[in-house]
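Worksheet: the structure to be examined is printed underneath.
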Amino acid sequence: MHTNSDSYQAILQTLASIPAGKVCTYGEVAKLSGNPGKARYVGHILKKLPQTSKIPWHRVINSQGASSFPENSEHFLVQIGRLEQEGIQVKNGKISLKEYLWRG
DNA sequence: GTAATGACCAGGC
DNA sequence: AGCCTGGCCATTA
């Protein structure tokens, strides 16, 4: 962004390449983009994305295999809804990383 | 300039 | 399973 424009671009690129029907954790996105340990930065970028962005933010979940949003929030419902629509099984708000994690 | 805040994570207990 | 701790790092106050 300001100090690390290169990291920003790399992370954005990785986010954009997550295929439908798969999910990726914040930490994985950071690692895959060549920025291990910058999971929080990934979160920052996603938070600041404009509504018009085509980045599939809903395919990013935390290392627990769950949404990082409050359980009944608007974002939470939209995220889970979209994932299910892409064929991902969500049981009890949790997603199987074994099955759906995208490793690049 | 410092201090607090997150769409985070791994490890320990 | 849960809860706490320390580390992480750009952004914000």
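Owing to the predicted nature of the structure, the values given are computational and were not obtained by experimental measurement. Chain A is the first sequence line, chain B the second, and so forth, proteins listed ahead of strands; every chain is numbered from 1.
- Between A:Q79 and A:R59, every side-chain heavy-atom pair lies at or beyond the 4.5 Å cut-off.
- Heavy-atom contacts from other residues, nucleotides or ligands closer than 6.0 Å to CD of A:Q89 number 12 or fewer.
- Qualifying ring-ring contact (aromatic ring centres under 6.0 Å, His included) partners for A:Y100, counting only residues two or more places apart in sequence or in other chains: none.
- When each of A:I95, A:L101, A:V90, A:I80 is checked for a side chain to side chain contact (heavy atoms under 4.5 Å, CB included) with A:I61, only A:I95 meets the rule.
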(request) Would you mind building the protein contact string for nucleotides 6-13 of chain B? One character per nucleotide, 5' to 3', B for base within reach (heavy atoms under 4.0 Å), S for sugar-phosphate only, - for untouched. (result) BBBSS---

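- Ring geometry for A:F69 versus A:W57: interplanar angle over 60°, hence perpendicular rather than tilted (30 to 60°).
- Distance noted for atom C1' between C:dA13 and B:dG1: 13 Å (whole Å).
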